[in-house]
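The next block holds one structure in the form of structure tokens; read it before the comments.
First the proteins, then the strands, lettered A, B, ... as listed; each starts at 1.
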Number of protein chains: 2
Amino acid sequence: MTVDHLNPTPLWEQLAGILRERIRAGELKPRQVLPSESHLQQEHGVARGTVRRAVKVLGEQGWVVTIQGRGTFVAERENWPTG
Amino acid sequence: MTVDHLNPTPLWEQLAGILRERIRAGELKPRQVLPSESHLQQEHGVARGTVRRAVKVLGEQGWVVTIQGRGTFVAERENWPTG
DNA sequence: CCCGATTTGTTCGTATGTATG
DNA sequence: CCATACATACGAACAAATCGG
């Protein structure tokens, strides 16, 4: 599953949705580190700014927590939206 | 002091005028860094392109100097117009 | 303590598409 | 047709924090 450049939905929004589903599905578990911005960037063929915007949204919604110099981690389930 | 969306004068022109006055008044001093494009964008509720156009004009007139990855800085007084 | 690699944080540079008056 | 203005998306450079050797 990856981003579709032809889909009119913004890439950052598509990417946020993809990551959100990976978390919800348990593919990415609480406290686990997410792929780095650099990795996501290459995996989806998008710019770093696009990755950062997607991750930023997930952070604001409580799905992940980002720490400078460390990485971005899946938040505890208690902090997830609607759950 | 900020931009007025109802004023028929273009936003970029209004913003350039505001920043120019801040410099002239000494609120922004030579060699001092200006608020970032992102900051000005939020502060005035305008798009980044609008901010960039305003700053671009100030640069062409000698009020400021912009450096990629660093920021935009107030120019030395010797470079100011009419002064 | 220092150095280098990795990772996130911030900033400017550029291009494209869309909408409005 | 043109200027204004917004949003998206890419690239580039630099800064700060972390970690391992």
Using only atom types and a distance under 3.5 Å, with no angle test, would you say the side chain of B/Gln14 pairs donor to acceptor with the backbone of B/Asp4?
yes
Any base atoms under 4.0 Å from B/Gly71, or only sugar-phosphate, or nothing? Heavy atoms, all strands.
sugar-phosphate
Under 4.5 Å between side-chain heavy atoms, hopping through other hydrophobics if needed: is there a path connecting A/Leu58 to A/Met1?
yes
Would you kindly give the CD-to-P distance between A/Gln42 and D/dC10, to the nearest whole Å?
14 Å
Pairs touching residues 63-83 of chain B that satisfy ring-ring contact (aromatic ring centres under 6.0 Å, His included), sequence neighbours left out
B/Trp63-B/Trp80
Of A/Arg53 and B/Gln68, the one whose closest nucleotide on DNA chain D sits nearer the 5' end is A/Arg53
Phosphate OP1/OP2 of D/dC19 contacted by A/Arg70 side-chain N/O (<4.0 Å)
yes
Atom CG of B/Leu40 and atom P of C/dC12 are separated, to the nearest Å, by 8 Å
So, do B/Val64 and B/Ile23 sit near enough that their side-chain heavy atoms are less than 4.5 Å apart?
yes
A/Glu37 CD to D/dC10 C1': how many Å, rounded?
15 Å
Just to be sure I understand the rule, does B/Arg48 reach a base, reach only the sugar-phosphate, or reach nothing, if contact means heavy atoms closer than 4.0 Å?
base
Side chains of A/Glu76 and A/Val65 in contact at under 4.5 Å (non-hydrogen atoms)
no
Rounded off to whole Å, could you give me the CD-to-P distance for the B/Gln41 and D/dA5 pair?
14 Å
Return no unless some side-chain N or O of A/Thr50 is found under 4.0 Å from OP1 or OP2 of D/dC10.
yes
Under the side chain to side chain contact (heavy atoms under 4.5 Å, CB included) test against A/Leu40, which residue among A/Glu37, A/Glu43, A/Gln42 passes?
A/Glu43
Under 4.0 Å, heavy atom to any atom of DNA chain D: which of residues 3-20 of chain B qualify?
B/His5, B/Pro10, B/Leu11, B/Trp12
Taking the side chain as every heavy atom from C-beta outward, state whether B/Val74 and B/Lys29 have any atom pair closer than 4.5 Å.
no
Taking only N and O in the side chain of A/Arg52, is any of them less than 4.0 Å away from OP1 or OP2 of C/dG9?
yes
B/Ile67 atom CD1 is separated from D/dA15 atom P, nearest whole Å, by 11 Å
